[in-house]
Amino acid sequence: MIDIPPYPPLDPSNYDLIVVGTGVSESVLAAAASSSGSSILHLDPNPFYGSHFASLSLPDLTSFLHSNSVSPPPSPSSPPLPPSNNHDFISVDLVNRSLYSSVEISSFESEILEEHSRRFNVDLAGPRVVFCADESINLMLKSGANNYVEFKSIDASFVGDSNGELRNVPDSRAAIFKDKSLTLLEKNQLMKFFKLVQSHLASSTENDDSTTVKISEEDMECPFVDFLSKMRLPPKIKSIILYAIAMLDYDQDNTETCRHLLKTKEGIDRLALYITSMGRFPNALGALIYPIYGQGELPQAFCRRAAVKGCIYVLRMPITALLLDKETGGYKGVRLASGQEIFSQKLILDPCVTVGLESLSSLTDQQNETLSVLVPKSMINKEKIARGVCVIRGSVKANVSNALVVYPPKSLFPEQLTAIRVLQLGSGLAVCPADMHVLYLSTLCDNDDQGIKALLSAMSNLISLPVPENRQSDSVVENDTSETKPILLWRALYVQELVKGEFGGTISSMPSPDGNLNYNEIVESAVKLYEKLMGSEELFKEETSPAENTTEEENDGGVEIED
Amino acid sequence: MHGRKREEDPNPEETAAKALELRSLQSQFMSNHHQKIYTKEAIQLSAKLLITNPEFYTAWNYRKLAFESRLDEDSDTSVVNSIIDEELGVVKNALERNIKSYGAWYHRKWVLSRKGHYYPSLENELQLLNDYQKQANQKQDDEKQDDPSRNFHAWNYRRFVVELTKTSKEDELQYTTDMISDISFTIYSAWHYRSVLVSSLVAKKADGFMPKETIRRELDYVHSAIFTLEEKQSGWFYYLWLLDQTVKMETPLRFSSWPSDGSIIILSGPDCFNASSSTTKLTTFCSESGSFPLILYFDQAVSGVSSSTVTIDSELKDLVWEPVSDKKNSQVDSCVWVARLKCDSREPCFSRKETKVKVSLGGIVSSMGCNLTAPYEFVFTLRIHDTLEGESSQQESIVSWTDDLDNWDDDALSNDLHSFIAFKADTGFEWRKKAIKIEIEHFRTLPDSKIGKLILARLLMAEETMIANGVHYKEILQLYNDLMALDSWHAQYYKDEHSVALIHKVTSRTESMSRHLFRYRSMNNIVCLRLNNLTLSRIAAVEKLLFVQMLDLSHNEFHSAEGLEAMQLLCCLNLSHNRIRSFSALNSLRHLKQLRVLDVSHNHICGELPVDTTRYLCSSPLSNSGETGREVPNKYQDAYLVLRDLMKLKQLDIRGNDLIFAGEEFSSFVRHVVPKLVWLDGHKHTS
C-alpha cells in the first residue's frame, strides 16, 4: 500500500452535494449539478479518475481488480468504531462491496509487457464504444465536455462463427453492395428492411407525409424477433440485425432463457440509434467511435467540466463513515479517511460503498430508512457480466485494427445463451504499443463458470491460446495451421456484478458499469437522478458557447465531434 | 432551381456591395476586351472576374484570344507551359466556385487540346481528376444537397484526358469499379462510362474481354447494385444495356419472306375470290394485272436493299425494291422491303405453268451493324392459274366478317402454315441462352418488385425467342397482368407488351395458330386470321404473318394501326370496335396496296385535327398543304392522307365513330378520293 500523505483539511466543510466515485454516471451528475450552481465535493478513493470506467496500465488494472474482488482486506487503519456519541451525530461505518469475482490474470510474455507496461490504457469496463448518435455524445456536446476528448472511428464490425470466419456486418447500402456472402435476395431483403425502418422513423419525426410506410402499432408491441420473421428475413439476416446492429444479448428465439425479449418498438429504437450514428460526423466511417487513450477519458472530461464550474476534486480519499442526525436519523454528512467530517444536503455513492451488516443491526428504523439504498438486497437470479481483456500480437483480421466482433447466441457452441461481443483496439487509439492490440470480450451470464467458458470459447476462436509446456510437442502441426491467428501475450478474466443505481432521497447510489456496448443507459440513469435531485432544472443550460467549439485542423483521422 | 428553396439573403447590404464590385469589374473587363488589350494586368482582371463568376462566358472567350496572342509572341516551350499552367490555375479556381460550370470545363479542354503542344503535366490531370471526383462524390450521401456525383462535366473531361494520355481502358475500368464500390454504386456516370469501356474492350477483343465471360462478369457485378437498391435507376440502366448486349451481341440479322422458302405460290386471277371452282389455299394469291409482291421482312431496320444486294436467278428482270416507308429510296432504314414481280405471259418463263424462283441476299447490314444470317437464299415455286389473264370485274358482294366463316379443318394446309411460323433457331451462342437462364432464376427471387417483374417478363420473352418452346407465355402474360394492376401509370405500356406476348403465343405453334384461322366461304374460302376479342392493343410477330390476306382484329383495344404495314398482302382488314382516335392513327395502312375491305367502325375517330406530336417531328405542319396536291377541305385533311393511297379499296365502314362531319358531304368526299369504292358504311354506292 502506498502511503498517502496527510491531506490538509478541506475548506469549506459544507456542500450541497457530495459525490463519491468518478465513474461515468457520477461524473456526468457532478458536471450537471455544478453547472446549475450547486456546490459539490467529488471524491474518489482511487488515485485515478473513472472508478470502474477507468483505463489503466496493466499493473494498475491487476491490482485494482484484485483489491476489488471477493473478500476485501479488512480496513487496516482502525478497528470498527462503535457508533460514536460524542457529537450530535451517529456515525455508521461503511465497507467496500466487491464487484468482481473469479479474477484470473495471466501473463505469457512478461518481459515485453513489463518493458511497455506504462504504454497500456486498458479499460476496466470493456468492451464499450460510443455510438455517434448516442446520448453520451449529445450530453458531451451540450456540456462542452467534447473539448477534452478526441475520438477515432471503429473501422469495421463483423459477425463471427464457430469456424473462425468473420463476416462483415452489412450495415449500410455500400456495405450491402460490397458484401460477398449475402445472396442477391438477402441483399434485397435487408435493404428493404432498412428502408422500412428509415421510412418509419421519418414518418414519426415529420408526421406530415401520409405516403410514407409506417410500422403498425400492433407490430410495434410484438416481439422484435417475430416482426423480423414477419418481414420474411432469413435467419442469417435476423441474427445480424438482432445481435450485431441492435446489439442484443439474449437469444431472442429461446423464450426459456431469454431474460429480455425485445419489443419491436425497442428494436426500432436501437436500429434508429445505429442508423443515425452512421455518417453523423464526417470522419467517422461507421456508427461507432472510441475515445483516444481509452474510455477513462470520458468520465475525466465530465470531471473537468465540473471542475471548471467550481466542483472540488479529491482523489485517494475514501469515506469511512456516514453521519446521521441523532434525533431524526436523517443524513448529515460523511467522515473522510483523513478523519475530517464533511457535511452536505445530499450524498451520491459509488455502487461499491455499502454498510456493514453488523452496523445495520444496531440502527433505528428511521436511520435504516435513510440508508435504504445501501442495504444489500438479496436478488434472485443475479445477472452478471463476464469480461475478458487480452493483449495480443497481430490482429484478428488482416488490415483491420479497430474492429467489433459479435458472436450471436449459439454461434460458438450449442449452449451459448447470450451474445459475446469482442472489441479489438490498436495503437492508433493510444491504448497499447504498436504491433499489439487489446481485445475486450464480454458476455452476460448467470454464474461465473458459464461466463468464463463462453469468453474462453470466443478467445480460442480468434487467437491462438498458449499451449501448456508439456503438450507443446504434440501440437506442432496444429500450430502451423493456426499460424495466422494472433498470439496471446496477457490475459485477464473476471466476472462483474451488475448493480443498479437507486434514488433514496438524501442518499442515492449509482449503478455499476452495465452490460451494454454503449453508454446510453448509464448516462440516462445519471440524467434521471439529476432530475430527481434538482427538479426540473434544465441540464447544461448555457454551456455551449461558440468559443469553446473551436475546430482544430485534421489530426490523423481523429473524429471531431461537433454540433 | 430544381425545386430547391431559395434562401433568404442573410446580408443584403453585403450582397449589394458585391454586385457593385462585380459590375465595375465587368465594365473594366469589357473595355479591355473591346480594345483588345492583352496586358498582364488586363488578363489578371479577367481571371478575377471569372473566379467570382465562372458563368461569364465572354471572359472565357477573351482569355482564349489573349492566350493565342501571348503564344504568338513567344514560342519558347517553358514559357508556353507556364502560360498553360496559368490558364489551368484560373479554371481550377473557377471550378471551386462552381464545379458544374460549362465555360470553365470547356476552357480547360480547349487549352489542353491545342494542336502542336504536348503539355508535359498532362499526367497530373488524371491524378487531379481522381482526387477531385472521389472527394466530390463523398458528399453525395446528403440527398438534399446539390449532388456532386452527378457531375458529368468531370466525367466528360476525364474521357478527354484519357484520350490524350492514352490511358489504358483496363485501368479506366478499374477506376469505375473503385468509384462504384468505394464511393457510391448509384453514380450514373460511372456506370455509363463502364458501359462505354466494356463495349470498346469487347469490340477489340482485349485480353480477358471475350463477350461470353465479360457479360457474365458484368451481370454478376451489377446484380449487387440492383438487388440492394432496386429503386435506384443507375444500376438498372447498366443492367438493361448488358441484357441488350447479351441478346444482340454477335446476333445475326434475321429475315423472313413471302413467298417463304420452299413454298408453292398459286397465282390466280383477279376474280379468284369470287369464283367457286377451286379451293383457296394459304398460298393462293389473287393478282390483278398479273403481278405479285415479293416481301422481305428483317428483324432490324436495314437500308440498301436493291437489285445488287438481292438477286433473282430466274429469267426475271431486275427488281425494284422499295422500303415500306414514307420515303421511297434505298437509303431509308426499314424493316419491310417490297418488290413487285410481274408475270407477263410474253416472258418465256411464264409460258410454263410452274416456275422456280431463287432469291439470294448478300451484303445487307442492319443499322445496328448486324450481318445477315444463313441461309442467304430461298427458293419458291410459282404456279400460275389459268384465269390469270382474265378480265377484272367489280366486286359486288359485301364482306360481312360475321357470316360464312368456317373453322379451319384442313390438315393438309398445316404444312404450309408450319413453313410460315416455323422457328428458325440460331445455332451456337449457347452462352447467351445460359446467361438468360441464370438471369431468369435471379429475378424469380424478386417477387414483390415492379421492375423485377418487368425484367423477368422481358427475360422470359427473350428466352422464348431463343428456344421457342412456348412454356413461358402463361407466366409472361400473368406478369404483365400483375404489372397493369400494380402500376396503373404505365398500364398502356404493359398492355402493349401483353399483346405482343399473346400474339407470339398464338403464332408459336401450328395448333394454336390454326384455332384462329377460318375460311371465308363467300370469298372462295379465303383464309381469315381472326384475333378478335383478345384485348390486344398492338400487333406483333408480323414476320410470321406475312401470308395473311384477311385479318380480323375487331373488339380489341388497338389505338393505332402501326405495324400492320408489314402485312403487305392484306386485302381485308377489320379494325372495328377498337380505340382508334384519329385518321392519322391509321396512317400506316397507306402502305397496304392490296387493301380492298377496311372496317374501322365503332372506334373513337373524331375527325378533328388531332394534336399529333409525331407529325411535327417529321415535317412542319405547313408541308401538309404541299402534300395534298389538290383542293381538299382542311377538315378532311387526315382522312385524305390515309385514303388517297388505298387505290383498291372497295368497301369502307366508318360508322359508329365520333365523327364531327358525318353526312353526305363527307361521303361524297370519300367517293371522290377512293373512286373504286362500292360499299360505304354498308350502303352500296350507285352512281
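- Each of A:Q189, A:E186, A:M191 has some count of heavy-atom pairs under 4.5 Å with chain B, and the biggest count is that of A:M191.
- Looking only at side-chain heavy atoms (C-beta outward), A:R173 and B:K232 come within less than 4.5 Å of each other.
- Panel note: side chain B:T228, backbone A:K187; no donor-acceptor pair is recorded below 3.5 Å.
- Note: B:F185 and A:F177 have parallel aromatic rings, judged against thresholds of 30 and 60 degrees for the angle between ring planes.
- A:K236 NZ: more than 12 foreign heavy atoms inside a 6.0 Å radius.
- Contacts between B:H442 and chain A at a heavy-atom distance below 4.5 Å involve the side chain alone, from C-beta outward.
- Note that CD1 of A:I176 is 14.0 Å distant from CZ of B:F227, once rounded to the nearest 0.5 Å.
- Heavy atoms of other residues, nucleotides or ligands lying less than 6.0 angstrom from NZ of A:K195 number more than 12.
- Interatomic distance, NZ of A:K178 versus OG of B:S224, reported as 11.5 Å (0.5 Å rounding).
- Interatomic distance, CG of B:L229 versus CZ of A:F194, reported as 11.5 Å (0.5 Å rounding).
- Annotation for B:K169: atom NZ does not count as buried by contact number, only 12 or fewer foreign heavy atoms lying within 6.0 Å.
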